[in-house]
Trainee: 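Below you will find the structure I want to go over with you.
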Amino acid sequence: MRIVIADDAVLLREGLVRLLTESGHQVVAAVGDGDALVEAVVQHRPDVSIVDVRMPPSHTDEGLRAAVEARRLVPRTPILVLSQYVEVSYADDLLATTGGAGGGIGYLLKDRVAAIDEFLDALRRVAAGGTVLDPDVVGQLFARRRRDDPLSELTPREREVLALMAEGRSNTAIARALVVSDGAVEKHVRNIFTKLTLPPDTEQHRRVLAVLTYLRN
């Protein structure tokens, strides 16, 4: 894959460059601020970009805003955001850039980079158009659910399936995680789409809409 990296922490940035290069990928740009990220994405049209949420000058959400701008200028360009802390609103803002039309987005805690195989797998899934959310983000989403939200109609098992969908897992991967058959997962997914009254469309489109509903309620 051709990859852009945006992180102002030189050690982490160079560490990612080495890791990805040794894994057979090509880092076409490694930058340290949001403006440079947007320029790199427009110029190189990478297969995926890895972006730190907090970058200069204020170290708040410059990376996130740059990622949103990059997706505006290059629609559906895959972005994997890394953050030091769980900030659910950031994941929500990034998911909103899909417009319900496709994935290619991810939000992981930086600690996940240490689990190299899992990190590279998440990167591949985002590059392929998937939606990947850190399990800790998903856990906090459960904690803020309201009684009157649209998810209240889902069974506990359907909520588990939706949570795993939010992590970017395929039906087969969900089946393995829950130790059930692929057919059982497909049935749960159909029920989720029906209960959330998602319009008939492609499977990927409805999966993204389901995750958006999950985040926003």
Trainee: Are any non-hydrogen side-chain atoms of V41 and L73 less than 4.5 angstrom apart?
Mentor: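 Side chain of V41 against side chain of L73, heavy atoms only: no contact under 4.5 Å found.
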
Trainee: Which heavy atom in G32 sits nearest to a heavy atom in P56, and how many Å separate them?
Mentor: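 Shortest heavy-atom contact: O-CD, 3.5 Å.
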
Trainee: Are E62 and D52 close enough that some pair of their side-chain heavy atoms sits under 4.5 Å apart?
Mentor: no

Trainee: Distance from R65 atom CZ to L37 atom CG, nearest 0.5 Å?
Mentor: 12.5 Å

Trainee: To check you understand the geometry: which heavy-atom pair defines the closest contact between E153 and E158, and what is its length?
Mentor: O-OE1, 4.3 Å

Trainee: With rounding to the nearest 0.5 Å, note down the distance linking CZ in R176 to OG in S181.
Mentor: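 Answer rounded to 0.5 Å: 13.5 Å.
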
Trainee: Got D182 and N171 here, is their nearest side-chain heavy-atom distance under 4.5 Å?
Mentor: no

Trainee: Do you know which two heavy atoms are closest between P46 and P78, and how far apart they sit?
Mentor: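 It is O-CD, 4.4 Å.
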
Trainee: Measure the spacing between CG of D111 and OG of S83 and express it to the nearest 0.5 Å.
Mentor: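 If I round to the nearest 0.5 Å, the distance is 10.0 Å.
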
Trainee: Mind listing the closest non-hydrogen atom pair of V126 and I79 along with its distance?
Mentor: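 Nearest pair, atom of V126 first, then I79: CG1-O, 3.6 Å.
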
Trainee: Ignoring hydrogens and geometry, is there a side-chain-to-backbone donor-acceptor pair from R76 to R71 under 3.5 Å?
Mentor: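 No; judged by distance alone, with no hydrogens or angles, the pair does not exist.
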
Trainee: On a heavy-atom basis, which atom in V48 and which in A127 lie closest, and how many Å separate them?
Mentor: CB-CB, 4.0 Å

Trainee: Is a donor on one side and an acceptor on the other found under 3.5 Å between the side chain of R13 and the backbone of D7?
Mentor: yes

Trainee: side-chain contact (heavy atoms from CB on, under 4.5 Å) between L108 and F119: does it pass, once the steps are laid out?
Mentor: CA-CA 9 Å; L108 291 180; F119 170 68; 4.3 Å; yes

Trainee: Keeping D33 on the side-chain end and A36 on the backbone end, is there a donor-acceptor pair under 3.5 Å?
Mentor: yes

Trainee: By the definition side chain to side chain contact (heavy atoms under 4.5 Å, CB included), identify the one residue from T21, V28, L123 that meets it with I3.
Mentor: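 Option passing the side chain to side chain contact (heavy atoms under 4.5 Å, CB included) with I3: L123.
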
Trainee: About how many Å separate NE2 of H25 and CG of L120, when rounded to the nearest 0.5 Å?
Mentor: 5.5 Å

Trainee: Does the side chain of L162 come within less than 4.5 Å of M165's, by heavy atoms?
Mentor: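 Yes - at least one pair of side-chain heavy atoms lies under 4.5 Å apart.
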
Trainee: Got a sec: does the CD of E14 have more than 12 other heavy atoms crowding it under 6.0 Å?
Mentor: yes

Trainee: With a 4.5 Å limit on heavy-atom distance, are the side chains of M1 and R124 in contact?
Mentor: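 When only atoms from C-beta onward are counted, R124 and M1 do touch, with a gap below 4.5 Å.
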
Trainee: Can you measure from CD (Q26) to CG (D47) and round to the nearest 0.5 angstrom?
Mentor: 9.0 Å

Trainee: Are V161 and E186 packed together at the side-chain level, in the sense that at least one heavy-atom pair is separated by less than 4.5 angstrom?
Mentor: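 With C-beta onward as the side chain, the pair stays apart.
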
Trainee: Are any of the side-chain heavy atoms of L16 and L12 separated by less than 4.5 Å?
Mentor: yes

Trainee: Do I50 and L20 have side chains that get closer than 4.5 Å, going by heavy atoms?
Mentor: yes

Trainee: Salt-bridged, R18 to E22, with N to O below 4.0 Å?
Mentor: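 A salt bridge links R18 with E22.
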
Trainee: Closest heavy-atom contact between T155 and K195?
Mentor: CG2-NZ, 3.8 Å

Trainee: Would you compute the distance between atom NZ of K187 and atom CZ of R190 and round it to the nearest 0.5 angstrom?
Mentor: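 These two atoms lie 8.0 Å from each other.
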
Trainee: Does a side-chain N-to-carboxylate-O contact under 4.0 Å join D8 and R54?
Mentor: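 R54 and D8: not salt-bridged.
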
Trainee: Could you walk me through whether V180 and V185 satisfy the side-chain contact (heavy atoms from CB on, under 4.5 Å) test, starting with their C-alpha distance in whole Å, then the side-chain angles of each, then the deciding distance to 0.1 Å, before giving a yes or no?
Mentor: CA-CA 7 Å; V180 297; V185 172; 3.7 Å; yes

Trainee: Please assess V17 against I5 for the test side-chain contact (heavy atoms from CB on, under 4.5 Å), listing each intermediate value before the final yes or no.
Mentor: CA-CA 8 Å; V17 170; I5 299 172; 3.7 Å; yes

Trainee: Determine, stepwise, if the pair E39 / V31 fulfils side-chain contact (heavy atoms from CB on, under 4.5 Å).
Mentor: CA-CA 10 Å; E39 292 176 6; V31 301; over 6 Å; no

